[in-house]
Amino acid sequence: MGGAVSAGEDNDDLIDNLKEAQYIRTEEVEQAFRAIDRADYYLEEFKENAYKDLAWKHGNIHLSAPCIYSEVMEALELYPGLSFLNLGSGTGYLSTMVGLILGPFGINHGVELHQDVIEYAKQKLEQFVRTSDSFDKFEFCEPSFVAGNCLDISLECSAYDRVYCGAGVQKEHEDYMKNLLKVGGILVMPLEEKLTKIKRTGPSSWETEKILAVSFAPLVQPGKSDIGKRLPLNLPLPNVRTLQDLARITIRGRLKKTINQETGARGGGVLKSQPRYKRKRLRRRRMGTIVFLDKEVFASQIPNPFDDNNNYEDAETDLREEEEKVVYDTKADPPVNFLREKILSLPLPDPLKNYLLYYREK
């Protein structure tokens, strides 16, 4: 599934293509996509395909096409403080992007059938938190992953504001999925070969919208022979933040406001990237006549009076010819992390500075 947009040369180029094709339509979704490099979730030997609008699967590891993820993110209508449940959370790529929008007081849970994929997702999550240049631009709602079949979720678990299922849902399980939602919540899932958005408008009322045709592998059904042996799948309890953690969030938030005030006039921010030079196409037009007038030079398309009509037509054709020259991007310098610099400059013990930095490596 995928191939709706052209491949990108890098993550930003891919996002530009998704925006141009109207798959990404809001600033919040765009920022989340730009903050997380899709290639970081690929195995090293497959990274050359990371910026193509195609799904990728290797063993149990799977990523949907970028156009699908962008439609899902837009359909979920995310904002800070929501609770989110990702059924079939896979590599954690989508859950991590969602966490950037939910902020520190949201809830971000994922259910994944395969334990090896959960370990892979945890590794990628730790890599993002410790090393990504984008981490300090956001207040993050870190996802928690649980191993199990999403069709076994305990009836005692709380409902969620937003739910996404990354596997094809059979009609017989539609009501089960709907009941995972709070009133006012949004469910996005592949239902009968259509990516479907369902909003719960009341205890027993729903609004349904078909977004686009898709092809997903179906949900894995729990074995019928194990019905008596299966235990309900309990999801994580809401994370109650410690006073220490709340203090860290508040301090970082205050520092970000100060930085934005200090750098706002210069167009800066918490993380100031060097200008990104997109690949440009320069057009060179042939000129018919050069006219010198008072030390200025003008290019004119005045025909040569000695040309006959045929030559004049040839000249007009020549004038319309354009040659394209590709100028490739220059490699930008690493971004400047003003938040990190500000924290390191504070008159605090090093352990406290490291705590404020989430023990990040850079």
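It should be emphasised that the depicted structure is a prediction, and the values quoted were computed from it without experimental measurement.
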*Evaluation steps, side chain to side chain contact (heavy atoms under 4.5 Å, CB included), between Thr208 and Leu191*: CA-CA 11 Å; Thr208 301; Leu191 180 65; over 6 Å; no
Separation between CG (Asn149) and CG (Leu219), nearest 0.5 Å, reads 7.5 Å
- Query: Are the side chains of Val336 and Glu341 in touch, meaning some heavy atoms are under 4.5 Å apart?
  - Reply: yes
query = Is Tyr23 reachable from Ile211 through a run of hydrophobic residues whose side-chain heavy atoms are each under 4.5 Å from the next?
reply = yes
- Hey, are the side chains of Cys67 and Leu18 touching, using non-hydrogen atoms and a 4.5 Å cut-off? yes
Checklist entry - Are Val29 and Tyr69 side-chain neighbours, meaning at least one heavy-atom pair lies under 4.5 Å? => result no
Main-chain N/O of Asn337 paired with Asp133 side-chain donor or acceptor, under 3.5 Å: no
Is the count of non-hydrogen atoms from other residues, nucleotides or ligands lying under 6.0 Å from Glu45 atom CD greater than 12? yes
**Prompt:** Does a salt bridge link Asp16 with Arg34, judged by any charged N lying under 4.0 Å from a carboxylate O?
**Reply:** yes
* For atom CD of Glu27, decide whether the heavy atoms of other residues, nucleotides or ligands shown that lie under 6.0 angstrom number more than 12. => no
Donor-acceptor pair, distance only, cut-off 3.5 Å: does the side chain of Glu74 make one with the backbone of Thr26?
yes
Query raised in the report: Got a sec: does the CD of Glu44 have more than 12 other heavy atoms crowding it under 6.0 Å?
Result: no
OG of Ser134 to CD of Gln31, rounded to nearest 0.5 Å, is 10.0 Å
**Prompt:** Any side-chain donor-acceptor pair under 3.5 Å between Gln127 and Gln123?
**Reply:** no
### Query
Salt bridge check: are Glu174 and Lys178 linked by an N-O gap of less than 4.0 Å?
yes
- [ ] Please check if the side chain of Arg162 supplies one atom and the backbone of Phe84 the other of a donor-acceptor pair under 3.5 Å.
- [x] no
One should read off an interatomic distance between Tyr160 OH and Leu87 CG, to the nearest 0.5 angstrom, of 9.0 Å
- Query: Got a donor-acceptor contact below 3.5 angstrom from the Asp161 side chain to the Leu82 backbone?
  - Reply: no
Are Leu76 and Leu187 linked, directly or through intermediate hydrophobic residues, by side-chain heavy-atom contacts shorter than 4.5 Å (ILVMFWY only)? no
Check your understanding: Ignoring hydrogens and geometry, is there a side-chain-to-backbone donor-acceptor pair from Arg254 to Ile251 under 3.5 Å?
Key -> no
So does Val98 get a backbone contact from the side chain of Asn108, meaning a donor-acceptor N/O pair under 3.5 Å?
no
* Asked: Is the CD atom of Gln115 crowded by more than 12 outside heavy atoms at less than 6.0 Å?
  -> yes
| query | If you measure from the Lys or Arg side-chain nitrogens to the Asp or Glu carboxylate oxygens, is any gap between Asp136 and Lys256 under 4.0 Å? | reply | no
Q) Is the side chain of Tyr120 donor-acceptor paired with the backbone N or O of Tyr41 at a distance under 3.5 Å, no angle test? A) yes
**Study point:** Under 3.5 Å donor-acceptor, Arg200 side chain and Leu180 backbone
**Key:** no
Minimum side-chain heavy-atom gap Lys182-Ser83 below 4.5 Å
yes
When rounded to the nearest 0.5 Å, the distance separating CZ of Phe105 from CG of Leu246 is 5.5 Å
Do the side chains of Phe216 and Val169 join up, straight or via other hydrophobic residues, at under 4.5 Å, putting them in one cluster? no
Indicate yes or no for a side-chain donor-acceptor contact from Arg252 to the backbone of Leu356 under 3.5 Å, with no hydrogens or angles considered. yes
From the list Glu207, Glu71, Glu77, side chain to side chain donor-acceptor pair (under 3.5 Å) with Lys197 holds only for Glu77
Worksheet item: Do NZ/NE/NH1/NH2 and the carboxylate oxygens of Glu209 and Lys194 come within less than 4.0 Å?
Response: no
- Hey, would you say the Phe140 and Tyr358 ring centroids sit under 6.0 Å apart? no
| query | Within a strict 4.5 Å, meaning less than it, do heavy atoms of the Lys124 and Asp40 side chains meet? | reply | no
- Is the backbone N or O of Pro104 less than 3.5 Å from a side-chain atom of Arg241, with the two atoms forming a donor-acceptor pair by type? yes
- Task: Decide yes or no for His114 and Ile61: does some side-chain heavy atom of the first lie under 4.5 Å from some side-chain heavy atom of the second?
- Result: no
Output for pair (Arg130 CZ, Leu125 CG), nearest 0.5 Å, gives 10.5 Å
Test ring pair (Phe, Tyr, Trp, His ring centres under 6.0 Å), reference Trp56, set Tyr93, Tyr51, Tyr42, output is Tyr42
Decide, yes or no, whether a salt bridge links Asp245 with Arg248 under the criterion of side-chain N to carboxylate O below 4.0 Å.
yes
Taking every heavy atom of Ser154 against every heavy atom of Asn234, the minimum-distance pair comes out as CB-OD1, 3.4 Å
- Task: Indicate, with yes or no, if Leu181 and Val183 share a hydrophobic cluster defined by side-chain heavy-atom contacts under 4.5 Å among Ile, Leu, Val, Met, Phe, Trp and Tyr.
- Result: no
* Asked: So, do Leu54 and Asn49 sit near enough that their side-chain heavy atoms are less than 4.5 Å apart?
  -> no
Check: Cys150 and Met177 side chains under 4.5 Å, non-hydrogen atoms:
yes
